[in-house]
Number of protein chains: 2
Amino acid sequence: MSSRDYLGEFEHIVILALLRLAGRAYGVTVRQEIEARTGREVSIGAIYATLDRLETKGYLKSQFGEPTPERGGRSKRFFHVTAKGMSAVNRTHRAVQSMTQGLDLIGSHS
Amino acid sequence: MSSRDYLGEFEHIVILALLRLAGRAYGVTVRQEIEARTGREVSIGAIYATLDRLETKGYLKSQFGEPTPERGGRSKRFFHVTAKGMSAVNRTHRAVQSMTQGLDLIGSHS
DNA sequence: CCAATTTATTCTATATTGTATAGCTAATGT
DNA sequence: ACATTAGCTATACAATATAGAATAAATTGG
């Protein structure tokens, strides 16, 4: 466990997107999922930079997929969260949770 | 609402500490609260830098308190969260919440 | 097979956050 | 006045956030 143990705000969002996209997570879908869920618009460059950083830290692994039978376009790079990545999300979650405990914030009850 | 609408990871933790400390939040207590709740150790400088930035953004306000009847020492600078700051926390919370919806993370059920 | 089109990734550059250490100030007590 | 205490400021640097332009790999039409 190195000095920077918590996920950055955006790293957190991105890794959650990967978890919900499960097997079909790659740049474009990650971006869509974030926008669809939160309404937040992010550049595709921001997504990849973050994915790369997370992979470097060992929180993600990626592999290129076979070309799909669609129109055209380069092959997708699929990402998935590693066990180490899961610990990081959980750690981050626990921290916020413990600080939130007992406070009355919107969406915090039930 | 400017381009950077979400609280950074540490900003988030700090502002939550202020909320739970209510009227008695100043550098030292904020640091203690974070350490007590999360076990995370941060330098006092990190705390102030973040408080200053949040205040600059209008998320916090501060004022110096009267000297206390204790041993000695400089007077405390008390911080409180503004309405704008509350929106920011809530916005940040909602984002994570919406991305977490339905996922099975530790501490996410109940 | 070549050019155009499509989808996706990589590069690069900059602003904002995270974080620590050292140094400075304002009270109090003697 | 001086030492001691508690707390705040200054500064510097590393890591993260973010966008835009450039590049690459497929597919299809002619």
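By convention in this document, chain letters (A, B, ...) are assigned in the order of the sequence lines, proteins followed by strands, and residues within each chain are numbered from 1.
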_Quick test of your reading of the model: are A:Arg77 and A:Glu55 salt-bridged, counting only N-O distances below 4.0 Å?_
yes

By nearest-nucleotide position on DNA chain D, the 5'-leaning member of A:Arg53 and B:Ala49 is B:Ala49

Rounded to whole Å, CD1 of A:Ile47 lies from P of C:dC11 at a distance of 18 Å

Separation of C:dA8 atom P from A:Glu66 atom CD, nearest Å, is 15 Å

A:Glu9 CD to D:dT18 P, in whole Å, measures 6 Å

When rounded to whole Å, the OH to C1' distance for the pair A:Tyr6 and D:dA15 reads 17 Å

Sorted by chain and number, sequence neighbours left out, salt bridge (Lys or Arg N to Asp or Glu O under 4.0 Å) with A:Arg20 holds for A:Glu33

*Any chance CD of B:Glu66 has more than 12 other-residue heavy atoms, nucleotides or ligands included, within less than 6.0 Å?*
no

In whole angstroms, the gap separating P of C:dT17 from CD of B:Glu55 amounts to 15 Å

Contact class for B:Gly45 (heavy atom, under 4.0 Å): base, sugar-phosphate, or nothing? base

Rounded to whole Å, the CD1-P distance (A:Ile15 to D:dT16) equals 12 Å

Polar side-chain atom of A:Ser98 near backbone of A:Ala95 as donor-acceptor pair, under 3.5 Å
yes

Considering every strand and a 4.0 Å limit on heavy-atom distances, what is the contact class for A:Ile44: base, sugar-phosphate, or nothing? base

B:Lys84 side chain to B:Lys57 main-chain N or O, any donor-acceptor pair under 3.5 Å? yes

If only side-chain N and O atoms of B:Lys57 are considered, is one of them under 4.0 Å from the OP1 or OP2 phosphate oxygen of C:dT16? no

Contact class for B:Phe64 vs. all strands (heavy atom < 4.0 Å): base, sugar-phosphate, or nothing?
sugar-phosphate

_Whether B:Lys76 side chain and B:Arg24 backbone form a donor-acceptor pair below 3.5 Å_ = no

Only residue of A:Leu60, A:Thr92, A:Val30 satisfying side-chain contact (heavy atoms from CB on, under 4.5 Å) with A:Ile15 is A:Leu60

Taken to the nearest whole Å, CG/B:Leu51 to C1'/C:dT17 is 14 Å

Considering only heavy side-chain atoms of A:Ala46, the closest of D:dA19, D:dA17, C:dT19 is D:dA19

Listing time: all N or O pairs from protein to nucleotides 4-7 of chain D that are below 3.5 Å?
| from | atom 1 | to | atom 2 | distance (Å) |
| --- | --- | --- | --- | --- |
| D:dT5 | O2 | B:Gly73 | N | 3.0 |
| D:dA6 | N3 | B:Arg74 | N | 3.2 |
| D:dG7 | OP1 | B:Tyr26 | OH | 2.4 |
| D:dG7 | OP1 | B:Lys76 | NZ | 3.2 |
| D:dG7 | N2 | B:Arg74 | NH1 | 2.5 |

Hey, does the side chain of B:Arg40 come within less than 4.0 Å of C:dG18's phosphate (OP1/OP2), counting only N and O? no

